[in-house]
Amino acid sequence: MDLLGLRKRFGSVMAVDDCKNRLIQDLFFAVETLHSALLNECTKQENERSRFIQELAQYKTEVADLRHDQAKLSFVSILVDGDCMNFNDALIQEGHNGGRRAARLLLQSVERYVRDTDPQASPNLQYRVCIYANLPGLEKAYREAKVLSSTETLDPFVRGFNMEDSQCDFIDAGNGKECSDVKIRATFERDILDIHCRHIIFCAATDNGYARLLGSHRGSNRITLVEGAPFAWEIEQLATEFRTTAFPAVFRAAKLPARASSFSAAATASANVAAAPPTAGGALSSSPPWQDYATIAKANLQITPSSTPSSSSSSATTPTSSTPSPSSPSSSTSPSSPIVFDISPSVNSTPPLPKVHYNAQDQRIDPPLRRASSKENYERLRAAKLCNRYHLQDDCSYGDSCTHAHGRRLTSAQDLHDLRCISRTSVCGEGLWCTNRKCVCGHQCPRESWRDHELTGCRFPEEMHGVDRVVVRVE
């Protein structure tokens with residue numbers, strides 16, 4: 001046997017084994033190094049995680065404390081222009097108790113509305129009521145509307161309102177024309193920038209002057225427009241971009257009627273006589289004809305000095321004649337006697353009052369209307385700003401001070417139908433419980449069946465949607 005060759009071969013094998021063993025040992029060393037580094041990194045990350053958890057817990061506590069503190073200061077601002085948003089007559093007539101009850105009803109209505117629309121609102125939310133009005137002028141308006149007697153004042157109502165809650169303020173803004181408007185605008189602009197103000201309930205939407213104030217906040221979910229009397233024309237165009245609601249238990253569904261213009265008896269008589277057509281014999285008719293409001297107003301503005309008391313006394317020496325002259329009033333008319341003149345519309349026929357339909361829950365149901373005759377005619381009538389109640393029911397309580405168009409009443413069946421469609425888009429202040437047969441406003445949302453209609457942002461409140469329209473009673 002070749003022992004030398006075997007030894008050489010054995011040595012080669014041992015060298016390979018040594019190389020393999022060193023390789024294995026190097027691998028183990030590398031693994032141990034990496035494992036040690038991994039353990040160190042895991043320990044470091046665990047320490048970081050623990051630190052982050054502690055910081056997160058601390059931040060959560062701080063945020064909770066901040067929210068708690070903010071909740072203490074969070075409030076809802078209720079802004080009311082008392083000159084155009086008037087309280088219900090019954091509340092005013094109750095004086096001090098009526099003021100307290102008005103404050104409670106307003107706070108309860110707003111709280112219920114906020115709770116329904118903002119479930120995340122804090123239960124400790126404050127409600128701040130700011131009413132600005134020209135109190136002497138408002139008191140005079142209530143007296144002229146026969147809500148208050150000539151000896152009654154608004155002072156007891158205002159005191160009761162202010163005393164009911166520490167956050168309720170009924171403030172005399174001054175007797176200037178724009179005093180209330182300036183106060184409302186300043187308070188609105190302050191509150192809308194306040195991070196603690198969660199919502200603004202805007203009760204002044206019957207005045208077109210606020211359209212510029214609201215225009216820059218279109219689409220804001222922090223503003224709700226409250227409808228008492230119908231929205232002013234410009235506000236109505238913006239109303240679709242805000243939340244809207246109504247508090248019929250608090251505010252009147254119509255503005256206080258403005259003071260009627262007065263005319264002197266002499267001017268009224270002069271206008272009637274001056275416009276009287278001559279008879280067949282050339283003499284004036286013994287009884288003056290019917291004169292409209294415009295003719296009498298014009299004659300009142302054209303009174304000459306000869307019609308003054310001094311002129312009358314100087315003409316007393318002139319011999320009188322049994323036949324009245326064309327330039328003097330009828331002898332049967334004296335300046336001291338009251339003059340009655342007719343300012344009724346040119347159309348003498350009054351439309352019959354419609355019957356009211358009720359469902360099983362005694363809720364008022366609007367009879368269905370077919371679509372408007374055409375979009376063009378609908379928009380034409382809408383742009384004309386016609387008074388719905390005047391043209392549809394001949395029953396506008398504002399008279400000549402109405403901000404919507406009167407004139408000759410509509411006679412076209414097409415125009416009357418399209419105007420009725422327009423009137424249905426105005427929310428009735430009495431809601432589903434309205435019993436006024438002359439009411440031409442909507443008591444259910446007329447657009448709820450439209451494909452793109454959304455409850456959010458609709459001027460009709462939620463309870464006026466999905467109403468049972470099965471009529472069980474007609475009165």
Side-chain angles (χ1 to χ4, degrees), residues 76-86 109-110 113-114 117-118 130-132 178 180-194 197-248 251-255 375 378-388 402-405 419 421-429 431 441-442 445-448 450 452-462 464-465:
V76 172
S77 177
I78 306 166
L79 301 180
V80 183
D81 187 333
D83 294 330
C84 64
M85 200 77 172
N86 307 123
S109 300
V110 173
Y113 172 78
V114 171
T117 58
D118 188 3
C130 287
I131 303 179
Y132 297 104
E178 301 292 333
S180 297
D181 301 43
V182 171
K183 297 284 188 181
I184 291 284
R185 289 191 182 95
T187 308
F188 178 92
E189 291 171 351
R190 179 197 67 195
D191 291 345
I192 199 68
L193 296 176
D194 192 334
C197 180
R198 193 169 185 91
H199 207 89
I200 294 180
I201 306 296
F202 195 76
C203 308
T206 58
D207 187 341
N208 278 320
Y210 294 114
R212 264 64 65 193
L213 176 67
L214 297 169
S216 59
H217 300 283
R218 287 185 175 92
S220 173
N221 60 358
R222 294 176 60 204
I223 302 172
T224 292
L225 306 183
V226 177
E227 186 173 24
F231 287 148
W233 172 251
E234 294 184 50
I235 301 294
E236 187 177 2
Q237 311 310 308
L238 291 172
T240 56
E241 302 190 45
F242 295 95
R243 294 177 178 176
T244 60
T245 188
F247 303 141
F251 297 113
R252 292 176 111 248
K255 287 183 179 179
K375 182 178 180 180
Y378 182 93
E379 294 299 331
R380 177 183 68 83
L381 293 174
R382 187 179 180 89
K385 298 178 61 177
L386 299 176
C387 176
N388 298 333
C402 182
T403 58
H404 289 71
L419 185 62
C421 293
I422 294 172
S423 71
R424 284 281 184 89
T425 63
S426 298
V427 183
C428 175
C441 297
C445 176
R447 300 188 178 98
E448 64 178 335
W450 292 14
D452 58 345
H453 179 70
E454 294 183 359
L455 183 60
T456 303
C458 179
R459 68 172 59 180
F460 282 79
E462 183 176 357
M464 289 189 179
H465 292 77

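Residue numbers start at 1 and run along the sequence shown. Please read these numbers as outputs of a predicted model, since none were measured by experiment.
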Q) Who pairs with Asp191 by side chain to side chain donor-acceptor pair (under 3.5 Å), at least two apart in sequence or on another chain? A) Ser77
Q.
Going by the rule side chain to side chain donor-acceptor pair (under 3.5 Å), which residues pair with Asp118 if we only count those two or more places apart in sequence or in a different chain?
A. Arg198
(Q) If you take the centroid of each ring, where Trp contributes its six-membered ring, are Tyr210 and Phe202 closer together than 6.0 Å? (A) yes
Q. Tyr132: what forms a ring pair (Phe, Tyr, Trp, His ring centres under 6.0 Å) with it, not counting sequence neighbours?
A. none
Q | Residues in salt bridge (charged side-chain N to carboxylate O under 4.0 Å, His left out) contact with Glu448, at least two apart in sequence or another chain | A | Arg469
Q | Nearest heavy atoms of Leu381 and Leu419, plus distance in Å | A | CD1-N, 4.0 Å
**Q.** Sequence neighbours excluded - salt bridge (Lys or Arg N to Asp or Glu O under 4.0 Å) pairs with any residue from residues 209-233
**A.** Arg212-Glu234, Arg218-Glu241
Q | Nearest heavy-atom neighbours spanning Phe251 and Cys203 | A | CE1-SG, 4.1 Å
Q | With sequence neighbours excluded, residues passing side chain to side chain contact (heavy atoms under 4.5 Å, CB included) with Thr206 | A | Cys84, Ala229, Lys255
Q.
Taking side chain to side chain contact (heavy atoms under 4.5 Å, CB included) as the definition, give me every residue that meets it alongside Pro461, ordered by chain and number, with sequence neighbours left out.
A. Val427, Glu463, Met464
Q) Can you name the residues that form a ring pair (Phe, Tyr, Trp, His ring centres under 6.0 Å) with Tyr113, not counting sequence neighbours? A) none
**Q.** Residue list, side chain to side chain donor-acceptor pair (under 3.5 Å) with Arg447, at least two apart or on another chain
**A.** none
Q: Could you tell me which residues satisfy side chain to side chain donor-acceptor pair (under 3.5 Å) with Arg252, sequence neighbours excluded, listed by chain and number?
A: Asp89
Q | Results of side chain to side chain contact (heavy atoms under 4.5 Å, CB included) for Cys458 - residues two or more places apart only | A | Cys445, His453, Phe460, His465
(Q) Tell me every residue that passes side chain to side chain contact (heavy atoms under 4.5 Å, CB included) with Gln237, counting only those two or more places apart in sequence or in another chain. (A) Trp233, Arg382
